[in-house]
Structure formats: C-alpha cells, structure tokens
Protein chains: 2
Amino acid sequence: MDQALQAHSQSHKAAQTSAEVSAPAFDLIELFFFAYRDFVGDADRLLEDIGFGRAHHRVLHFVNRQPGLMIAELLDILGITKQSLNRVLKELLDTGYVEARAGVTDRRQRLLFPTPKGHRLAMDLSDLQSRRFERALGELPTDARGPAIDFLLAMIDPAERDRVCSLVWGKSREEKS
Amino acid sequence: MDQALQAHSQSHKAAQTSAEVSAPAFDLIELFFFAYRDFVGDADRLLEDIGFGRAHHRVLHFVNRQPGLMIAELLDILGITKQSLNRVLKELLDTGYVEARAGVTDRRQRLLFPTPKGHRLAMDLSDLQSRRFERALGELPTDARGPAIDFLLAMIDPAERDRVCSLVWGKSREEKS
DNA sequence: CTTTTACGTCAGCCATATTGACATATTTCA
DNA sequence: TGAAATATGTCAATATGGCTGACGTAAAAG
C-alpha cells in the first residue's frame, strides 16, 4: 500500500498545488494534537462531575484571571458571539460560580467577578493543568520553561501576539477604570 | 452537586498543603490555548471552502498518514464512536477524498485509502500547519525543533506515549531520531 | 432629544459528539 | 457444521457549543 501511495504521489507531482513545500512536519503536527488533547482532558474530567463543559471552563478561567471583565471584553477574548456566551454565562451565574455587578462609572456595563466558589474551581482547574506542565518540564534535561514559553508564543499569529501578551502578562482590570 | 463541590474543595486544600502547588502557570496555560487555536485555525480556513470541518480533517489526516487503515483502528486513534465517524467518513467517501476497499485476508474489514484528490488535500493541510511550525521555530535563537518535540511529547499522558510514538514514527520512543 | 452603546433575548440552524439498539456479513472455533 | 465472536453499518434520540438575524431596553454621549 505504501508503494501505491508513493507511485501515485510521483505521478501527481506536476499537479501539486502551490501550497506544497518540503516534507510536512507530521511529527510536530500530531504531537501538538495529542498534547493538546491530553491537556484539555484533565480539565474535562474535573468539569463533567459538575455538568460543565469546556465553554464554561474558558469563561470561568478568564473571569477569574481578570476580575471585573466586561461582557464585550470577554466576547473579544473568546472570539464567540454574545448569544453563544449567554447560555454558558447564565449557567455560571445561576450556579453561583460567577457574579455580575453593574459598572461604577457606566451602569450599562456588567462587570464579571468570580465568587469564592468560582475562584476555587478556577484555581483547581489551573492547578491541574499547571501540574501537567510541571511534570512535562521536569522530565526535560535542562530547565525548559523559558524555551517552552518562547515556542508557544512563536506559534501564535504575529498579529495576535501583542493582544495575547497583554492578556497573559498585562495589568489587571482594577487599574483600568 | 454540593457534595461533589465540597469534596472537591477539600481535595484542593489538601493538595495545596501537601503537594506545595506553586502559583498556577497561567502563562503556559493561556499560551497553549491560543497557540493551538491559531494552529487549527489555519486548516479551518482551508477546509471551510469545501464545506468540511475539523472532524473531516482528522479523518483524512490519519487515513493519508496510514493508508489501509481499518475503521476500528481509526476509531481508536480518534477516540470517538463509530456513529460519530460514520457521517463524516461517508461525506469523505461520497465526495471522493477517501476510498474503502475490502480487506484481502479478512473481507469484513473496510480498509481506508486516500484518493489522489484526498492525498493532495491532506498534504496541503499538513503543509499549511508545517509552515506555522517552521516560522515559529525559525524565530527562535537556536534550533528548537528537537526541544519542541521533546516538550510536546512530555505533555502527553505517559501511558499514551508509546502508542503515539509508534503512530508518529512507526517505532518506539527509544529509537526516535 | 436623538443617537450610540452595552447588553439581553427569542427563534432557528448547523456541526460534532454521545448512547443504545439492532442488522449483516464474515471469520473462528468447539 | 453450527455457534460465537468480530467488523462494520444504521436508525433514533440527545447534548453541547457554536452560528445568524431580529428585536428590546437601559444608560451614556452628542
């Protein structure tokens, strides 16, 4: 069967599109796929006991990371529509993991905060995922934390990087006003 | 649900005191999230023109990588049910990206092969994703390809690694080049 | 006072996954 | 040979997480 594929690959060389380059990095592609799958799998297992999914996790994570987040900012970070957010956010509000307070200067805004319960869940999920990173980095010969950060950052669209960087390392929402 | 939460909360405290969990690696968590999102976004944009989604991509990718794959093997790799696979696979067969032949020794088996058209699409998608890796690795000071592979592999569940390694390199991890 | 902004909501659609039950062909084994 | 195990297909119902479009409302900004 490998012969069949090779023969066919040769015969169509002329018809290959402009996208064709050197040998594809199948190993990196597949390792990234499986690594991410296991990474989110940790959180999935913790969440399914409470009846939440990944959508809830993402919302809770960013609300916990940036307490006082506005709806519009959250939509921008997640890249989803307000209708999509609404069902998930409503469940988080109803079950008391997140709470919303009207903005001080602008009372149209609903600023989102984690409740103590929501904060604990968010930290448990983050700890779980951090432990995977710690284990992984600990398996590597030298300290690979810096290189890992550099690699992951380099994988992000250059145009997106500033936004991501300020989200990851930037100021908290309290100083924003 | 309250019980689950309470137990969960206590286990968190225990973990904090005994395992001395340091501050969660929010940066790695979020960078991994955004990196993976951009990574799959490349393929998503190419696929949506033909009306395919990520599910089609995953099936086509592994069929292209391992021509002659059996249905059961594919289900095992993807970790989904046959009912989920069926619709997607049917569309790939109907549109002529994948073809199925009965097994030689066991005619119950349906061995899956990429058609020339399917092979080209799979390679276009892989090339697109490879270019992101090449760009990313090229931005880093020293050659980071080996370290990147090691890091991604370390992120995968230890119990899963041998399976992933033989899938990626067709051999065990020790003999990986 | 009008417009814009920030948000909520209803209604319907699509894609991807799930489980359970049942059908069919084929191979294997007692 | 006849029974059981295997590989796969299929029908039906359900969940989740997204989408678009349209419409409503309260508050801020001009």
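Numbers restart at 1 for each chain; the letters A, B, ... are given by sequence-line order, proteins then strands. Below, all heavy atoms of this structure are taken into account, side chains as well, without hydrogens, waters or symmetry copies.
Put simply, CE on Met70(A) is 20 Å from P on dA26(D), counting in whole angstrom units. Nucleotide dT16(D) holds its P atom 13 Å from the CG atom of Leu92(A), rounded to whole Å. Atoms CG (Leu111(A)) and C1' (dC7(C)) sit 12 Å apart, rounded to a whole Å. For Asp76(B) and dT6(D), the CG to C1' distance is 15 Å, given to the nearest whole Å. Per the geometry, CD belonging to Glu73(B) stands 14 Å off C1' belonging to dT8(D), to the nearest Å. Following rounding to the nearest Å, Arg54(A) (CZ) and dA17(C) (P) show an atom-to-atom distance of 10 Å. Here dT16(C) presents its P atom at 16 Å from NZ of Lys90(B), a figure rounded to the nearest Å. In this structure, the CG atom of Asn86(A) is 14 Å from the C1' atom of dC19(D), given to the nearest Å.
You'll find the side chain of Leu60(B) stays beyond 4.5 Å of the side chain of His119(B), heavy atoms only.
Comparing Ile80(A) and Ile71(B) against DNA chain D, the residue whose closest nucleotide sits nearer the 5' end is Ile71(B). For the pair Leu93(B) and Leu85(A), nearest-nucleotide mapping onto DNA chain D gives the more 5' position to Leu93(B). Heavy-atom nearest nucleotides on DNA chain C were determined for Leu89(A) and for His56(B), and the one closer to the 5' end corresponds to Leu89(A).
Using a distance-only test at 3.5 Å, with no hydrogens or angles considered, no donor-acceptor pair links the side chain of Arg54(B) to the main chain of Val40(B).
Applying the salt bridge (Lys or Arg N to Asp or Glu O under 4.0 Å) criterion to Glu91(B), with sequence neighbours excluded, gives no partner residue. Applying the ring pair (Phe, Tyr, Trp, His ring centres under 6.0 Å) criterion to Phe62(A), with sequence neighbours excluded, gives no partner residue. Checked against ring pair (Phe, Tyr, Trp, His ring centres under 6.0 Å), Phe52(B) has the following partners two or more places apart in sequence or in another chain: His56(B), Tyr97(B).
Taken from CG in Leu93(A) to CG in Leu112(A), the straight-line distance is 7.0 Å, to the nearest 0.5 Å. The line from CG of Leu111(B) to CE of Met70(B) is 7.5 Å long, rounded to the nearest 0.5 Å.
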What pairs of donor and acceptor atoms, side-chain ones from residues 76-85 of chain A against any protein atom, are under 3.5 angstrom apart with sequence neighbours left out?
from	atom 1	to	atom 2	distance (Å)
Thr81(A)	OG1	Ser84(A)	N	3.3
Thr81(A)	OG1	Ser84(A)	OG	3.1

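In this model, the phosphate group of dT16(D) is not approached by any side-chain N or O of Arg87(A) to a distance below 4.0 Å at OP1 or OP2.
Shown for residues 46-53 of chain B: no residue has heavy atoms falling under 4.0 angstrom of DNA chain D.
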Working note: Arg131(B) + Glu134(B), criterion salt bridge (Lys or Arg N to Asp or Glu O under 4.0 Å); need CA distance, chi angles, decisive distance, verdict. CA-CA 5 Å; Arg131(B) 270 205 292 281; Glu134(B) 277 165 25; over 6 Å; no

Quick one: what's the B/S/- string for nucleotides 19-30 of chain C, heavy-atom cutoff under 4.0 Å, read 5' to 3'? BBB---BBS---

